Amino acid sequence: MGGIAAAFWVYAALALVVVAAAIAVVRVFAAGRRRLVNHTLGTPAASPEQLFEHLFRTTREVEKHPEQTGPALARLLKELFDPSEATLLDQPATLAHTLSDGSAMRVPVPVIARSSAPTTSMSILLRHAQQGRRLFTNDDAQLAERISEHLRHSIAFEQAVEQGRSEERRRLAQDLHDDIGARLLTLMYKAQSPEMEDYARHTLQDLKTLTRGLAAANQPLAHALAEWKADISHRLSAAHVELKWTATQDTDVELSVAQWSALTRVLRELVTNVIAHAQARTVEIDVKLVNDRLLVIVADDGTGHAPAQWAPSLGVGGVRKRVRQLGGEVSWQERSPHGISCRVCVERLSASR
């Protein structure tokens, strides 16, 4: 019996060794298969150029809408890894990492420090890279982590730059108001003729409009329309020209400083040209914003004709330049029976911010 027992334990030990060896072989085979699959099919399909393009676009999107950081990052990761599933989870993740056997990967969503953005930590769960044709690797996790961190740092940098710009604009606006404004006010009171007094008053009003725009980072279109109408009405009234103003918008939008400045200067230059050259009795201005498409028409009943034959000038050239900066187009044409109409069209106003 002792010999049988000893033989039994020997065979049992050998069986355990065989099982352990089999398990080791399976593990080695699985690991080798995983490396082979990933080596054959590759990691993210995007090239470095495509990665940069995707990241740049996502950064711009998150900068404008920080509350959309999670969905924007999920779209970016889907473009890079082509997973069969990408789910946004209301659960935090410290670092990007693969799960189980590499069939899934979890990526943290960076929290964008801005008061209007949500502060809840989130993460993105990706399943089955390249539609299940390969497994996620540690290299994938490292790349996803770097993308998440780069996105957070890029937005933080952009916010710091914008804050600096806003502070500088406010400083310039204050300096203009305190220095140039005071001088214009003194000039207005000491003017030796009604014409000079009126000119100084109009210039002071223009300066006030300019400093208000500089001091504000953004301005609602509705507020800008009210300011434009008041300013243009005052200028035309002083020139004994009637203003017919219409403005419609399907939604109110925030104009950036660049947009506000360009549109303000375009309208001002067009009205100045009418006052100086058209000898008009009436100016009609129509502003429409529909489906993000901005259309501005300034028409007069003056003596102008043949816009195609106009000689190049700083005024017209400035209008063309500023409209191009907005991504729009401008054109002039004769009216019937007389006068000139200028048409400014920006097909996607939001894209010019």
Side-chain angles (χ1 to χ4, degrees), residues 20 22-160:
I23 293 175
V25 170
V26 170
R27 287 180 175 176
V28 171
F29 173 77
R33 179 181 180 275
R34 177 173 174 174
R35 287 194 296 269
L36 178 61
V37 169
N38 286 329
H39 178 74
T40 303
L41 296 176
T43 48
S47 66
E49 293 79 9
Q50 291 173 323
L51 173 59
F52 177 81
E53 179 184 348
H54 296 329
L55 185 57
F56 180 81
R57 185 176 67 249
T58 303
T59 302
R60 297 282 78 77
E61 180 181 354
V62 173
E63 180 186 355
K64 295 178 182 178
H65 305 286
E67 71 280 359
Q68 294 296 316
T69 302
L73 180 58
R75 287 192 294 271
L76 172 60
L77 295 176
K78 288 177 67 175
E79 291 175 342
L80 294 180
F81 298 108
D82 190 25
S84 60
E85 179 183 343
T87 307
L88 194 61
L89 305 176
D90 290 326
Q91 301 172 3
T94 304
L95 295 173
H97 58 279
T98 59
L99 301 177
S100 62
D101 59 350
S103 63
M105 181 172 67
R106 194 166 171 181
V107 182
V109 175
V111 176
I112 305 301
R114 185 178 293 182
S115 59
S116 60
T119 57
T120 304
S121 297
M122 307 177 73
S123 60
I124 300 170
L125 181 63
L126 307 175
R127 295 186 184 276
H128 311 301
Q130 293 187 0
Q131 298 298 314
R133 294 192 298 272
R134 73 174 183 87
L135 302 174
F136 286 107
T137 67
N138 290 332
D139 290 340
D140 294 334
Q142 291 177 9
L143 175 60
E145 179 65 27
R146 290 173 183 172
I147 289 173
S148 179
E149 278 297 297
H150 181 78
L151 184 62
R152 184 175 65 83
H153 289 307
S154 296
I155 298 301
F157 175 78
E158 291 292 339
Q159 290 175 349

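Predicted model only: the values in this text are computed from it and were never measured.
- With rounding to the nearest 0.5 angstrom, the OG atom of Ser123 is 10.5 Å from the CG atom of Leu73.
- Formation of a donor-acceptor pair under 3.5 Å by the Thr69 side chain with backbone atoms of Val111 is not found in this model.
- In terms of the side chain to side chain donor-acceptor pair (under 3.5 Å) criterion, Gln142 has no residue partners (sequence neighbours excluded).
- Of all non-hydrogen atoms in Leu77 and Ala144, the two that sit nearest each other are CD2-CB, 4.3 Å.
- For the atom pair CZ of Arg60 and CG of Leu55, the computed distance is 9.5 Å after rounding to the nearest 0.5 Å.
- Rounded to the nearest 0.5 angstrom, Glu145 CD and His150 NE2 are separated by 13.5 Å.
- Closest heavy-atom contact between Leu95 and His97: O-ND1, 2.8 Å.
- A distance of 9.5 Å separates OG1 in Thr98 from CG in Leu135, rounded to the nearest 0.5 Å.
- One distance of note links CG of Leu126 with CZ of Phe81; it measures 7.5 Å at 0.5 Å rounding.
- The distance from the CD1 atom of Ile147 to the OG1 atom of Thr59 is 10.0 Å, given to the nearest 0.5 Å.
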Exercise. After noting the C-alpha distance and the side-chain angles of Asp140 and Arg134, does the key distance pass the side chain to side chain contact (heavy atoms under 4.5 Å, CB included) rule?
Worked result: CA-CA 12 Å; Asp140 294 334; Arg134 73 174 183 87; 2.8 Å; yes
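- Here the closest non-hydrogen pair linking Pro108 and Ala93 is CB-O, 3.0 Å.
- When all heavy atoms of Phe136 and Pro83 are compared, the pair lying nearest together is CZ-CB, 4.5 Å.
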Exercise. When you look at Gln91 and Leu125, which way does the side chain to side chain contact (heavy atoms under 4.5 Å, CB included) test go after all the steps?
Worked result: CA-CA 10 Å; Gln91 301 172 3; Leu125 181 63; over 6 Å; no
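- In this structure, a donor-acceptor pair under 3.5 Å is absent between the side chains of Thr137 and Asp139.
- By the side chain to side chain contact (heavy atoms under 4.5 Å, CB included) test, Arg75 pairs with Glu61, Pro71, Ala72, sequence neighbours left out.
- Checked against salt bridge (Lys or Arg N to Asp or Glu O under 4.0 Å), Arg106 has no partners two or more places apart in sequence or in another chain.
- We find that Glu149 and Arg146 are not joined by a salt bridge, their nearest charged nitrogen and carboxylate oxygen being 4.0 Å or further apart.
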